Every structure is written in C-alpha cells, then in structure tokens.
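Accompanying notes for the structure given below.
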Amino acid sequence: MKITLNPLAKDEATRNALVAEGGFGKYYTDHMVWCEWSEKDGWAEPELIPYGPITLDPATAVFHYGQEIFEGMKAYRQPDGSIELFRPRENAKRFANSAKRLALPEMPVELFMETVETLVKQDNGWVPNKVGESLYIRPFMIATEVGLGVRPTNKATYLLIATPAGAYFDPSKAVSVWISTEYVRAAQGGTGEAKCGGNYAASLVAQKAASKEGCDQVVWIDAKERKWVEEMGGMNLYFVKGKGAGATVITPKLTGTLLPGITRDSILSVAVDLGYKVEEVMLSIDDWREGVTNGEITEIFACGTAAVVSPVGQAKSAMGTWVTGDGQPGPITMQIRNHLLGIQHGTVEDKHNWMSAVK
Ligand SMILES: *Cc1c(COP(=O)(O)O)cnc(C)c1O
C-alpha cells in the first residue's frame with residue numbers, strides 16, 4: 001500500500017480531547033484509504049492519504065443513479081492496550097455481496113482487510129479506551145464513471161474512513177418504535193440484503209413519520225403480506241419469550257429482504273452460549289401485539305454494530321400502542337449486551353474466535 005502521511009495530523013493532546021468528547025461521527029481520524037477500480041485494469045494499489053475532501057465531476061454516476069454501497073465495523077481497545085477488530089472478514093464478505101447486487105466490483109477479502117488494518121494501525125491513537133467506546137470504521141464504494149447514461153459503471157472508487165464512537169447507550173432509556181404500514185423498505189428481488197445508501201434514502205420519509213408520532217425508530221414489515229416483522233431502521237430485531245433459564249430468544253428469519261446483520265448472527269451464538277434456546281422464525285405484528293399483551297414476550301431489543309444492543313420499549317402503529325414488559329431494558333437483553341461487549345473488549349472468553357488482532 002502506498003502511504004502518504006498527514007503533515008497536519010492532530011497532536012496527541014488535541015486528539016485525546018476530541019476522542020474524550022464521545023459522540024458519533026463528529027470527528028474523523030487523520031487518514032483515509034483510497035482505492036481505484038476500473039473495468040480495464042481491475043483494482044489499483046490502495047493508498048493511505050490524509051483525510052480530506054474529494055473532488056468529483058458533477059456528472060459522476062453516483063450523484064445521479066445512487067450506485068453506492070457501504071459497511072460499518074468497529075475496532076476495540078483490549079485490556080493490554082492492543083486493538084482488535086470484531087469479525088472483520090464478515091464485513092468483507094458482505095461488502096462483496098452488496099457490490100454484486102449493485103453491479104459494483106467485488107473487492108477481494110484480503111485487499112479489504114489490508115485497507116482496514118493499515119488505517120487502524122496508522123490512526124491507532126484514535127481508538128478510545130473505555131468499555132462501550134470504539135473506533136467506528138466506514139468502508140464505502142461509489143460509481144465514478146463520468147456521464148449521464150444509465151449503465152453499470154466501468155470505474156469505481158473505494159474509500160475508508162474512521163471516527164471515534166462514544167458510549168451513547170443510556171440504560172434507563174428503551175427505544176420507542178413506529179411500525180410503518182404506509183411505506184416498505186424492501187421486497188423480494190430488491191436490495192434489502194445489500195448494504196447500500198439507496199435503502200436508507202428511501203427509508204427517511206418513514207423515519208420522519210416515526211418522529212412525528214413521537215417514536216425514535218421505524219420498524220419495517222414485509223412488502224407482500226404486510227404483516228411479517230423484518231427489522232428496525234439500521235438494526236435487526238430480537239424478541240425474548242419467557243423468563244430466566246427457560247427463555248427463548250427469537251429473531252425474524254432471513255427471507256432475502258432483511259439485512260443479514262453480523263451482530264444478529266453473533267447473538268444467535270451468544271444466546272446459546274448463555275443457555276437460551278434460539279429460533280429464527282417469521283413473526284407477525286399480531287404475534288408481537290398478542291405476545292406483549294399476554295406477557296409471553298418479555299423483552300424486545302434491536303442489534304447492530306453501532307449501538308450493539310438497544311432495548312425496545314414501546315411500539316406504536318396505526319393499530320395502537322403496545323409496551324414490552326415494564327418498558328424498561330430487560331435482564332436477558334442486558335446480559336446479552338454485556339456478554340457481547342465483553343468479548344469485543346477482551347474481558348469475556350472469545351470462544352468463537354471472532355476477534356482479529358491489528359498487528
Ligand atoms: C448494517 C445494518 C444492520 C446491522 O448489521 P450489523 O452487521 O449487525 O451492523 C441491520 N439493518 C440494516 C438495514 C443495516 O444497514
């Protein structure tokens with residue numbers, strides 16, 4: 001990889017002050033990675049360069065037809081001060097799957113890994129120290145062929161940036177959700193399984209509707225029968241049936257329209273490790289309403305890289321409002337959250353070999 005260091009890199013005191021501010025996506029590290037692809041020459045050698053604005057022709061394809069994909073992953077500080085990534089190869093594979101769906105070039109897993117490891121190593125001083133904090137890493141790819149003709153691009157640019165992420169989890173606050181029956185996120189054959197900006201662009205009007213209803217997030221139901229629960233905003237959903245050791249931890253199964261979350265997949269294993277039964281099933285909004293009303297569903301939570309695990313309290317829809325349990329974060333939700341965070345921060349045994357050292 002070609003390396004051009006940033007002559008204006010922040011000094012240690014400034015950097016530490018910015019990292020200590022917490023928050024999410026407010027400050028970016030000193031460097032970024034840039035890698036060009038063309039149909040003719042394939043992938044060029046990636047370059048680590050100073051973080052900064054990029055210049056593109058106004059007729060660049062991505063501005064007009066939205067051919068873009070991204071990933072979200074994290075680097076965590078370990079007790080000995082070293083840094084580890086959580087299941088980075090899963091992000092690399094999903095990035096390639098998203099590329100395939102959006103007619104973008106598939107980046108080889110090893111090239112993806114090299115870019116992530118090089119940036120994290122270079123900007124390691126930006127990885128926070130406290131539990132619940134991390135360096136959030138955002139790989140993305142845009143179509144860069146210039147011209148207004150609608151066609152799969154023959155040029156693409158891969159970029160990689162990183163931002164310190166604070167611990168924004170407030171255990172006293174469960175998320176409230178608006179179950180959208182007006183809009184759909186994804187249909188069979190669409191882009192629901194791909195991590196692409198277009199999915200988000202089409203979802204924001206529903207997010208606005210959720211805010212208007214006083215809710216924090218949108219829950220999507222399936223496009224065809226309009227009754228099966230799919231996922232929440234940018235996170236997957238989990239439902240806990242029963243209490244204590246006999247509880248079952250349930251998540252909507254991957255039907256082709258849900259984003260296959262790496263946190264979702266990890267929790268399927270963590271829940272078994274903790275002694276719970278797990279199920280991947282179709283769950284309807286009627287099951288949700290009846291389950292929380294008769295007390296069978298005791299806890300609901302959402303999961304994803306950014307927030308890891310977030311309890312879901314109240315659900316609102318055109319059919320009424322339902323509260324999960326007492327509306328507070330449940331014990332199994334918190335146990336799974338703490339276990340997963342423990343693995344990520346190196347304080348709980350990593351028996352599935354999920355952590356990957358940045359050397
Ligand atoms: C990224 C994302 C998720 C969560 O995936 P993780 O790999 O767990 O971060 C869930 N839903 C959508 C729509 C997403 O974009």
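For clarity, every value in this text was computed on a predicted model and none was experimentally measured. Counting starts at 1 for both ligands and their atoms, in listed order.
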Taking only Lys NZ, Arg NE, NH1 and NH2, and the carboxylate oxygens of Asp or Glu, determine whether D265 and R87 approach each other closer than 4.0 Å. yes

So, for H31 and L119, which heavy atoms are closest and what is the spacing to 0.1 Å? O-CD1, 3.4 Å

Across all chains, not counting sequence neighbours, the side chain to side chain donor-acceptor pair (under 3.5 Å) partners of Y238 are none

List the steps, then state whether salt bridge (Lys or Arg N to Asp or Glu O under 4.0 Å) holds for R226 with E182. CA-CA 10 Å; R226 307 297 284 267; E182 191 177 358; over 6 Å; no

Please determine whether the number of non-hydrogen atoms from other residues, nucleotides or ligands lying under 6.0 Å from atom CD of E225 exceeds 12. yes

Pick out the protein N or O atoms lying less than 3.5 Å from any N or O of ligand 1, and list each pair with its distance.
residue  : atom   : partner : partner atom : Å
ligand 1 : 7 (O)  : R94     : NH1          : 2.8
ligand 1 : 7 (O)  : R94     : NH2          : 3.1
ligand 1 : 7 (O)  : I262    : N            : 2.8
ligand 1 : 8 (O)  : I262    : N            : 3.3
ligand 1 : 8 (O)  : T263    : N            : 2.9
ligand 1 : 8 (O)  : T263    : OG1          : 2.6
ligand 1 : 9 (O)  : T305    : N            : 2.9
ligand 1 : 9 (O)  : T305    : OG1          : 2.6
ligand 1 : 11 (N) : E231    : OE1          : 2.5
ligand 1 : 15 (O) : K195    : NZ           : 2.7
ligand 1 : 15 (O) : Y200    : OH           : 2.6

side-chain contact (heavy atoms from CB on, under 4.5 Å) test vs Y158 passes for just one of W43, W34, W37, namely W43

